[in-house]
Protein chains: 2
Amino acid sequence: MARPRERILILGGGWAGFVLSRNLSPAKYDITVVSPRQNFVFTPLLSEATVGTLEFSHVVEPVRDRKQRINFAPAVARSVDFAKKRVSCEASIVQGTATDIVVRSEPEKVESTREMRGKELDIQRWRQGTKFQLDYDKLVIATGCITNTFNTPGVQENALQYRDIEDARRVQRRIRECFELAVLPNKPEELRTHLLHFAVVGGGPTGIEFVGLLADYIRGDLLKYYPQVKDRVRITLYDVAPKILGMFDESLSTYAMETMKLQGVEIKTSHHIEELRWGEPNKPPIQMDPKSCLTLKTKEDGETGVGMCVWVTGNAINPFIKEALADIDEFPEASIAKRPSDLAKDTKPAGWKVKKNPKTGALLVDGYFRVQLEAKDETTAAMNDVFAIGDNAMLEHGSPPATAIAANQEAKYLAQRLNKNDFDHAAKFSFQDMGLLAYIGDDKGLMQMPHTEVTEKSKMFPEGLKGRTAWLVWRGAYLSLVLSWRNCFLILIYWVLSRLFGRRIQ
Amino acid sequence: MARPRERILILGGGWAGFVLSRNLSPAKYDITVVSPRQNFVFTPLLSEATVGTLEFSHVVEPVRDRKQRINFAPAVARSVDFAKKRVSCEASIVQGTATDIVVRSEPEKVESTREMRGKELDIQRWRQGTKFQLDYDKLVIATGCITNTFNTPGVQENALQYRDIEDARRVQRRIRECFELAVLPNKPEELRTHLLHFAVVGGGPTGIEFVGLLADYIRGDLLKYYPQVKDRVRITLYDVAPKILGMFDESLSTYAMETMKLQGVEIKTSHHIEELRWGEPNKPPIQMDPKSCLTLKTKEDGETGVGMCVWVTGNAINPFIKEALADIDEFPEASIAKRPSDLAKDTKPAGWKVKKNPKTGALLVDGYFRVQLEAKDETTAAMNDVFAIGDNAMLEHGSPPATAIAANQEAKYLAQRLNKNDFDHAAKFSFQDMGLLAYIGDDKGLMQMPHTEVTEKSKMFPEGLKGRTAWLVWRGAYLSLVLSWRNCFLILIYWVLSRLFGRRIQ
């Protein structure tokens with residue numbers, strides 16, 4: 001009996017991987033998503049959950065679906081054999097358990113374990129997940145990127161990242177913790193001030209939205225519970241560039257800076273972070289101790305005490321793409337889509353590697369998102385069964401920005417091609433610029449019209465929208481993208497409640 | 001200028017402490033709650049949150065209040081000096097931070113830390129909170145109890161407790177984790193079966209409610225996502241007593257057992273747990289490893305593999321009451337309410353200690369919840385400024401059961417006395433039996449009428465209510481006790497949603 005459906009393996013459950021999995025035809029494909037996280041995170045609303053307007057459960061959708069059309073393996077991919085069509089995986093299931101252990105198989109993340117009353121525990125053994133292999137007929141690489149710390153000393157260890165639910169929960173807890181620490185009896189006055197200084201590094205849309213909501217949350221809600229520290233709270237946004245929201249037009253960026261300053265956010269553009277360490281400024285560094293504060297050192301200002309530093313400065317290529325997808329052991333003869341005429345001469349493995357952008361390290365794909373191999377003599381051969389979408393891929397004919405909207409469009413396009421199997425016939429992918437949106441706090445948003453074409457709307461608002469209208473568009477736009485209607489409904493209710501009666505402190 | 005209000009210090013933010021804090025007159029008292037948890041947990045709905053019917057945030061209320069009438073110190077009490085009227089505290093704020101550290105200052109809980117890439121970290125230093133002292137005019141001890149493991153080997157380390165939100169979150173994660181582990185490729189068949197065996201130890205109302213909801217959740221929701229393991233799932237309830245729900249009448253208890261058996265819950269009464277360890281049954285024990293299963297050993301059945309063991313077997317006195325409140329250094333001359341006529345003879349400290357129930361170790365209080373001191377010759381002296389309510393206190397004239405309802409009544413009574421300051425004039429506390437309620441799964445509840453008086457209702461239903469009516473009463477009764485209207489509203493919405501469309505898997 002012939003196997004009726006092709007096995008498609010999707011590495012990654014973020015925007016690209018998740019949207020693809022939900023748009024592929026389950027009648028045609030046996031779909032498996034491999035991801036260390038069992039939930040897709042609706043990143044545009046992550047900050048709303050962090051500040052308690054929403055629940056974290058409102059901004060996630062399970063990768064597994066109730067109708068069993070999508071299989072899920074809670075694992076990370078370790079290597080791919082293109083010739084054998086097989087992926088080696090390591091289960092990464094242990095995210096928090098019986099024993100308080102947080103073991104995540106992503107090599108860039110740091111693990112946590114439980115101190116067992118003096119017993120030495122074999123952490124290395126926990127960290128290691130069960131290994132297994134998955135065979136595929138088609139493979140889609142959508143593992144995304146990791147946070148780029150630019151190798152700034154101390155940032156990887158001491159800054160809070162802001163990519164998924166666990167990160168956001170940590171930020172949420174630390175905000176409250178800083179307030180509680182600052183009002184404890186017997187705390188030195190200076191330390192109180194440091195603890196209530198919140199630093200965010202990165203002036204892109206994610207950083208701006210988080211800072212905007214943080215300011216709303218602290219001034220609108222938290223300070224009702226802690227009025228005694230009103231004058232100590234500081235929020236500072238750092239960016240190395242001379243302006244924030246670099247992808248927006250000058251006037252919108254300026255408006256954002258002005259609005260945020262009025263809200264009490266200090267904006268330090270053209271600032272270079274040199275170090276982040278535990279301990280108070282101008283005192284000897286200490287080992288990590290959450291009861292204390294951190295010191296952020298910039299080239300321009302020297303040392304400043306902060307209670308928390310959230311790091312949201314863009315993408316670096318993840319180690320799987322970097323290390324596992326490099327040289328190949330065996331040339332995947334059967335997978336080559338279009339055979340260059342002179343290819344036969346040299347298909348020895350040593351001669352071929354996965355084609356990447358030399359600067360970013362992203363996979364350089366063709367117009368149909370096919371991953372390409374490259375010989376020493378720069379001959380290129382695309383594979384017809386291996387694809388890459390999202391932030392870890394780059395289109396050779398020009399890539400869209402690394403946004404959720406772009407990943408979403410790419411995933412939908414690829415799903416269509418795969419469902420129809422019309423590669424080489426269909427038009428190559430082209431990104432449809434939908435404009436840009438950002439929330440900047442104080443109920444205000446920014447909306448920039450698409451640059452590519454002059455639409456009716458952009459003629460009406462040549463500089464984009466700003467202020468309250470943009471804020472409403474912002475909310476509506478996000479809501480319509482949320483995937484389950486249950487979450488839509490709950491998000492609406494929570495928005496109304498927090499609007500009428502304030503947020504609950506978290 | 002005279003200090004206008006008396007400082008009242010409440011140790012503990014559970015049912016007793018929280019309800020007291022909200023019922024004291026802020027005009028009369030400067031109220032401070034000392035508790036390691038910043039939220040009060042509405043324990044009767046904890047299981048509903050664990051299985052995803054509700055959010056965890058619906059079943060908590062912040063101890064701090066928005067109007068700043070109640071101060072809060074996130075700390076545990078370490079010792080009390082009755083003569084100086086001063087409590088030594090240790091801040092326990094670091095519950096999860098920047099650095100993934102979970103340091104809780106309760107000595108009975110185990111701490112967790114982050115493994116820092118080989119760096120040895122000074123865990124002891126994190127664990128130690130900032131120390132400070134608080135002076136009081138009146139002190140209320142409401143620190144509650146800890147889980148009684150009866151010194152069963154391995155239980156303290158390896159069983160999941162079920163007292164607060166963090167415990168419940170761990171249970172929630174482990175349930176899902178067991179399913180994910182069980183469907184991973186390459187798992188041995190036996191291990192899959194062990195992982196999907198869920199054990200609950202303790203047949204009281206908490207254990208029964210959790211088991212009932214767990215069965216609903218697994219069969220009604222989780223198995224939709226994991227139909228392939230349908231026949232492997234087992235839920236077993238263990239109790240050392242010959243019947244479950246010992247405090248209920250025989251007929252209700254029997255009904256509960258029958259209903260739960262129909263739901264597929266195995267009930268093992270008269271079973272003695274001898275050990276809980278990591279590893280598979282009849283194989284050598286292993287160190288804790290969440291990828292594997294546990295082995296539960298009973299006297300009657302020998303070894304059985306389980307994916308998780310939740311331990312809900314009643315109360316043990318907490319170490320603060322046990323160790324810190326024992327002998328006293330200085331006799332609190334000024335605090336003695338009624339001086340026994342022959343007291344003057346011997347007020348040397350060595351002669352006095354805090355009066356406790358010799359069996360349970362609970363503080364033996366008088367009819368107004370005043371903590372008493374006891375001399376060697378059994379002379380008793382009550383203090384007029386130190387009180388104890390809730391599970392850590394026992395009334396000399398007979399104590400109510402250790403339930404939330406009793407703690408609630410005690411707190412309200414004491415708040416009234418303190419507000420009116422009518423000790424010795426008012427009637428002593430007497431518990432009003434409101435009957436008993438329990439949920440047993442499959443939309444069915446039990447309700448037992450009060451035994452103390454023959455009410456109209458109990459005449460109508462001499463054996464109490466059971467089945468669907470009791471379930472409705474159960475839901476209504478809980479809801480009306482929830483403290484904020486916002487939570488009431490959200491709980492209703494969530495109940496309707498999960499009734500109509502099923503729970504979300506967590």
Side-chain angles (χ1 to χ4, degrees), chain A residues 38 55 57 62 64 66 68 73-74 91 93-103 110-117 121-123 125-126 129-132 134 157-158 160 169-170 173-174 176-177 180-181 184-187 224-225 227 287-291 308 486 493 497 501 504-506, chain B residues 38 55 57 62 64 66 68 73-74 91 93-103 110-117 121-123 125-126 129-132 134 157-158 160 169-170 173-174 176-177 180-181 184-187 224-225 227 287-291 308 486 493 497 501 504-506:
Chain A
Q38 58 197 15
E55 304 281 352
S57 66
R64 284 188 187 279
R66 211 184 179 98
Q68 280 281 306
I93 194 156
V94 182
Q95 297 210 4
T97 66
T99 50
D100 245 343
I101 305 152
V102 183
V103 182
V110 195
E111 282 81 331
S112 122
T113 174
R114 180 180 181 180
E115 200 269 330
M116 273 287 294
R117 299 168 173 204
L121 279 167
D122 186 355
I123 296 153
R125 192 172 43 85
W126 288 347
T130 312
K131 293 206 169 69
F132 57 93
L134 293 173
E157 303 91 310
N158 304 324
L160 292 176
R169 261 192 224 282
R170 239 166 269 147
R173 284 192 301 241
R174 182 62 182 171
R176 181 76 188 272
E177 190 172 82
E180 287 292 350
L181 285 166
L184 267 186
N186 290 12
K187 278 270 164 186
K224 295 214 171 98
Y225 291 82
Q287 278 191 325
M288 187 188 300
D289 183 349
K291 294 191 294 290
M308 163 180 106
R486 187 203 283 245
I493 288 187
L497 281 179
F501 309 102
R504 270 195 292 220
I505 59 165
Q506 299 294 315
Chain B
Q38 58 197 17
E55 304 281 352
S57 67
R64 283 186 187 281
R66 210 182 181 101
Q68 279 280 309
I93 195 158
V94 183
Q95 298 209 4
T97 64
T99 51
D100 243 342
I101 305 152
V102 182
V103 181
V110 194
E111 282 81 329
S112 124
T113 173
R114 180 179 182 179
E115 198 269 329
M116 275 288 294
R117 298 167 173 206
L121 280 167
D122 188 355
I123 296 153
R125 192 173 41 87
W126 287 347
T130 312
K131 294 209 169 67
F132 58 92
L134 294 172
E157 303 91 311
N158 304 323
L160 292 175
R169 260 192 225 281
R170 238 166 271 147
R173 283 192 300 240
R174 183 63 183 170
R176 181 76 188 272
E177 190 172 81
E180 288 292 351
L181 285 167
L184 267 187
N186 290 11
K187 277 269 164 187
K224 294 213 173 99
Y225 291 83
Q287 278 192 326
M288 188 188 299
D289 184 348
K291 291 191 295 292
M308 163 181 105
R486 185 203 285 242
I493 287 185
L497 281 179
F501 309 101
R504 270 196 291 219
I505 60 165
Q506 298 296 314

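All values below were derived from every heavy atom in this structure, side-chain atoms included, with hydrogens, water molecules and symmetry-related copies excluded. Protein chains get the first letters and strands the later ones, always in sequence-line order, with residue 1 at the start of each.
- The greatest number of non-hydrogen atom pairs below 4.5 Å with chain A, out of B:R169, B:R504, B:K187, is found for B:R504.
- Taking CZ of B:R64 as the start and NZ of A:K224 as the end, the distance is 15.5 Å to the nearest 0.5 Å.
- To the nearest 0.5 Å, atoms CD (A:Q38) and CD (B:E180) are separated by 5.5 Å.
- Pairing each heavy atom of A:R486 with each of B:F501, the nearest pair is NH2-O, 3.6 Å.
- Residues A:K131 and B:N186 approach most closely at O-ND2, 3.5 Å, considering heavy atoms.
- Here the side chains of A:L184 and B:P74 are in contact, with some heavy-atom distance below 4.5 Å.
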